[in-house]
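Worksheet for the structure shown next.
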Amino acid sequence: MVSVDTDDATVAMLDERRARLHDLGHIDEAECRRFQTTVEFAGRKWNAAILLAGVRGARRFSEYRDAVAGISDRLLAARLKELEVEGILERHVRATTPVTITYTPSTAGLQLIELLQPLVEWGRARPAETERSAG
């Protein structure tokens with residue numbers, strides 16, 4: 001919502017953004033479903049935190065568990081498997097005693113975390129939830 005005292009530069013910026021979005025054109029139903037699936041996957045609870053832990057150096061299960069506060073072992077194991085199946089993490093098995101299993105972000109995982117960075121910046125620029133509910 002634009003306030004009454006909004007200056008001309010802000011109005012021009014909003015008009016430019018609307019024009020750019022309009023230029024994206026019509027999104028067909030199949031593309032819309034792909035977009036929705038992608039956004040839901042990226043936003044699924046724990047996925048981004050697990051991926052970020054991998055980017056920051058976690059490799060073994062225990063390192064991921066320590067880096068992602070609040071996740072249960074069972075759920076972490078399930079998410080690691082899902083992220084592997086989706087090609088976001090790569091699973092490496094070394095034949096040691098006991099077997100050593102590590103997970104590293106794949107190229108697709110690194111691309112995803114880079115694509116999520118603008119959302120982090122957008123979130124930083126917005127007032128905190130407590131500030132919004134108080135105002």
Side-chain angles (χ1 to χ4, degrees):
M1 181 171 152
V2 178
S3 64
V4 176
D5 61 344
T6 303
D7 64 359
D8 291 338
T10 303
V11 171
M13 180 188 70
L14 290 173
D15 287 343
E16 180 183 329
R17 283 186 177 169
R18 283 188 194 99
R20 275 196 321 248
L21 291 173
H22 185 268
D23 290 344
L24 291 175
H26 175 74
I27 298 175
D28 66 17
E29 190 175 331
E31 189 170 343
C32 187
R33 280 194 305 270
R34 276 192 302 276
F35 172 77
Q36 185 68 30
T37 300
T38 301
V39 169
E40 287 174 2
F41 174 78
R44 189 168 187 193
K45 189 168 185 176
W46 306 114
N47 280 358
I50 292 168
L51 181 56
L52 184 59
V55 169
R56 291 181 172 169
R59 296 294 174 259
R60 305 217 29 198
F61 184 92
S62 60
E63 295 170 340
Y64 279 95
R65 184 184 55 226
D66 293 344
V68 183
I71 192 168
S72 70
D73 287 358
R74 184 174 152 274
L75 188 53
L76 176 58
R79 288 293 193 269
L80 288 170
K81 185 169 189 71
E82 291 170 7
L83 290 167
E84 177 193 357
V85 168
E86 291 293 329
I88 302 301
L89 291 178
E90 295 173 350
R91 183 175 186 254
H92 308 278
V93 180
R94 282 187 284 158
T96 57
T97 305
V99 172
T100 303
I101 299 172
T102 57
Y103 298 88
T104 56
S106 66
T107 301
L110 294 173
Q111 288 173 330
L112 178 57
I113 205 76
E114 286 181 73
L115 291 169
L116 291 174
Q117 187 58 39
L119 288 176
V120 172
E121 298 302 324
W122 182 76
R124 281 185 187 143
R126 296 177 49 81
E129 187 172 330
T130 55
E131 293 173 22
R132 285 193 303 270
S133 62

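Residue numbers run from 1 in the order of the sequence given.
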Flag yes if [X] and [Y] sit in one hydrophobic cluster, no otherwise; membership is Ile, Leu, Val, Met, Phe, Trp, Tyr, and two members link when side-chain heavy atoms are under 4.5 Å apart.
X: Val85; Y: Phe61; result: no
X: Leu76; Y: Val99; result: yes
X: Leu119; Y: Trp46; result: yes

Which heavy atom in [X] sits nearest to a heavy atom in [Y], and how many Å separate them?
X: Ala48; Y: Ile113; answer: O-CD1, 4.3 Å
X: Gly54; Y: Pro105; answer: C-CG, 3.6 Å
X: Ala42; Y: Leu116; answer: CB-CD2, 4.2 Å
X: Leu75; Y: Ser72; answer: N-OG, 3.1 Å
X: Glu63; Y: Gly57; answer: OE1-O, 4.1 Å

Between the main-chain N or O of Arg60 and the side-chain N or O of Thr102, is there a donor-acceptor pair closer than 3.5 Å? no
Separation between [atom1] of [X] and [atom2] of [Y], rounded to the nearest 0.5 Å:
X: Leu112; Y: Thr107; atom1: CG; atom2: OG1; result: 12.5 Å
X: Asn47; Y: Leu52; atom1: CG; atom2: CG; result: 12.5 Å
X: His92; Y: Ile101; atom1: NE2; atom2: CD1; result: 11.5 Å
X: Leu51; Y: Tyr64; atom1: CG; atom2: OH; result: 8.0 Å

For Glu16, all residues meeting side chain to side chain contact (heavy atoms under 4.5 Å, CB included), sequence neighbours excluded: Arg20
The criterion is side chain to side chain contact (heavy atoms under 4.5 Å, CB included); which residues satisfy it with Glu29, sequence neighbours excluded? Arg33
Is any side-chain heavy atom of [X] less than 4.5 Å from a side-chain heavy atom of [Y]?
X: Gln36; Y: Val39; answer: no
X: Glu31; Y: Phe35; answer: no
X: Arg91; Y: Leu80; answer: no
X: Ile71; Y: Ile50; answer: yes

Salt bridge (Lys or Arg N to Asp or Glu O under 4.0 Å) partners of residues 45-59, not counting sequence neighbours, each pair once: none
Carboxylate-amine/guanidinium proximity below 4.0 Å for Glu84 and Lys81: no
Counting only heavy atoms not in Phe41, do more than 12 sit closer than 6.0 Å to its CZ atom? yes
With Arg126 as the cation and Trp122 as the aromatic partner, state whether NZ or CZ is under 6.0 Å from the six-membered ring centre and within 45° of the axis. yes
